[in-house]
Number of protein chains: 2
Amino acid sequence: MPQKRILPYVILGILEKGDATGKQITDEFKYEIGEFWKSSHSQIYPELKHMLTDGWIDSYQKEDNDKEIYYRPTNLGKEIIADWLATPVAKLPVSKDLFSLKVFFIKRADDPRLKTLIANQKKLVSQNLAHLKKREAELFDTAEKINHNYGHYLILQRAISRQENQLAWLDQLTVC
Amino acid sequence: MPQKRILPYVILGILEKGDATGKQITDEFKYEIGEFWKSSHSQIYPELKHMLTDGWIDSYQKEDNDKEIYYRPTNLGKEIIADWLATPVAKLPVSKDLFSLKVFFIKRADDPRLKTLIANQKKLVSQNLAHLKKREAELFDTAEKINHNYGHYLILQRAISRQENQLAWLDQLTVC
DNA sequence: ACACCCATGTAAAGGGTTACATGATTTG
DNA sequence: CAAATCATGTAACCCTTTACATGGGTGT
């Protein structure tokens, strides 16, 4: 009845790149996937348990550390993620964007709040854009790296393109 | 502790344009705000009660219909929405985009699933773009209409620009 | 051995979606 | 006036975030 369950698929996707602990999966959300999906450890650990009981993944520990638990996809899990990736997306997401929402409610072009909102948004988008370009330079400085993580590369390009588009739009507004 | 409460502000924003029933507010989400914020009646009716007890809005009924309940913002409510609109957004939203997520996990450029995902996304984005342009033609065919709902106009422009950008990006991919 | 940090785990409180329910109003 | 529709309302369920808790490493 509630929202569609996405997290386990994301986790499977992460584990396809190599076994990982809950902590490592959590960090993946912080640094890589974080641009377009968020999750936190308090969601991830229970989800890992769930996936274990469903047989999507199994776990093991390394002898030198009693604490860390490594996870890897089972054959079932590999099947599931492969199917999921092959299934096209049914509908476009709604971008829950507070900036758009606030602008929407401002009726007149000369409302001073509009200027404030736009200036602020410009700052946020520029910062994010700078960050994305830094990531691009760090992660994809050779053709080989691009070829080995092509999807990741594409998505980073798209994120950059999107923010450039938004910035251009904001700039054009300021001129008027 | 949970997610930040946005709905009541959106409702206040809607009510600023004129008194409305729960049903009319619900429809607003379906047709106008729906591009960048979603809600459903089962969330809206309880929220209206909540806002009533907080004194953000009050309600009245019309004599010819026992069922419909009209809401309007109180002075407190008007203050609150004004403050909210004047407050700049603190951070960029994470666009929870399943398309990006799936692409992210595809490692090789020659993976056939990539083509499928992209073709499908193209279709979705084109449809949405067509819809947005239709809305633009319907709602903003005169300068006067633009000036009286400038924020709405801006947001529609931005939505269009964004989808055009995405489509260009998708097209460029297909060529390669 | 002690204190600190870190990986894992649990709890609490809303948000958000879908399904079901109810009573008024309109329609044939 | 019976049936269908409509506005409102309720319930169940999971998602998501923040805060708190625990017990194993690590460093001194």
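The shown structure was predicted, so the numbers you read here are calculated from the model rather than taken from an experiment. Here is the naming used below: chain letters follow the sequence lines, and residue numbers restart at 1 for every chain. Heavy atoms only: backbone and side chains are in, while hydrogens, waters and symmetry mates are out.
- The ring of B:Trp56 has its center closer than 6.0 angstrom to the ring center of B:Tyr9.
- Note on B:Lys4: every side-chain N or O is 4.0 Å or more away from OP1 and OP2 of C:dG14.
- Within residues 6-32 of chain A, no residue approaches DNA chain D, by heavy-atom distance under 4.0 Å.
- Put simply, A:Arg5 has no side-chain N or O that comes within less than 4.0 Å of OP1 or OP2 on D:dC14.
- The six-membered or imidazole ring of B:His41 lies away from that of B:Phe29, with a centre-to-centre distance of 6.0 Å or more.
- Transitive grouping of hydrophobic side chains (ILVMFWY, heavy atoms separated by less than 4.5 Å) keeps A:Val94 and B:Ile11 in distinct clusters.
- Side-chain atoms of B:Lys102 come within 3.5 Å of backbone atoms of A:Trp84 as a donor-acceptor pair (strictly under, hydrogens ignored).
- One interatomic measurement links the two molecules: CD1 of A:Ile69 to P of D:dG23, which rounds to 14 Å at whole-angstrom precision.
- Checked by atom type, the side-chain pair A:Ser59/A:Arg72 shows no donor-acceptor distance below 3.5 Å.
- A salt bridge is defined here as a Lys NZ or Arg NE, NH1 or NH2 lying under 4.0 Å from an Asp or Glu carboxylate O, and A:Glu47 with A:Arg5 meets this definition.
- The stretch residues 35-53 of chain B comes close to DNA chain D through B:His41, B:Ser42, B:Tyr45, B:Lys49, each having a heavy atom under 4.0 Å from the strand.
- Side-chain atoms of A:Glu68 and A:Gln24 form no donor-acceptor pair, as typed in the model, at a separation below 3.5 Å.
- Aromatic ring centroids of A:Phe36 and B:Phe104 lie under 6.0 Å apart.
- Using modelled atom types and a 3.5 Å distance limit, the side chains of A:Tyr150 and B:Asp110 yield no donor-acceptor pair.
- One interatomic measurement links the two molecules: CD of A:Gln61 to P of D:dG24, which rounds to 12 Å at whole-angstrom precision.
- Note on the helix from C:dA1-D:dT28 to C:dG28-D:dC1: terminal axis deviation equals 10°, with five pairs used at each end and the result rounded to 10°.
- Taking the ring centroids of B:Phe140 and B:His152, they lie under the 6.0 Å cut-off.
- To the nearest angstrom, P of C:dC5 lies 18 Å from CD of A:Glu68.
- Cation-pi contact between B:Lys62 and B:Tyr70: present, with separation from the ring centre below 6.0 Å and deviation from the ring axis of at most 45°.
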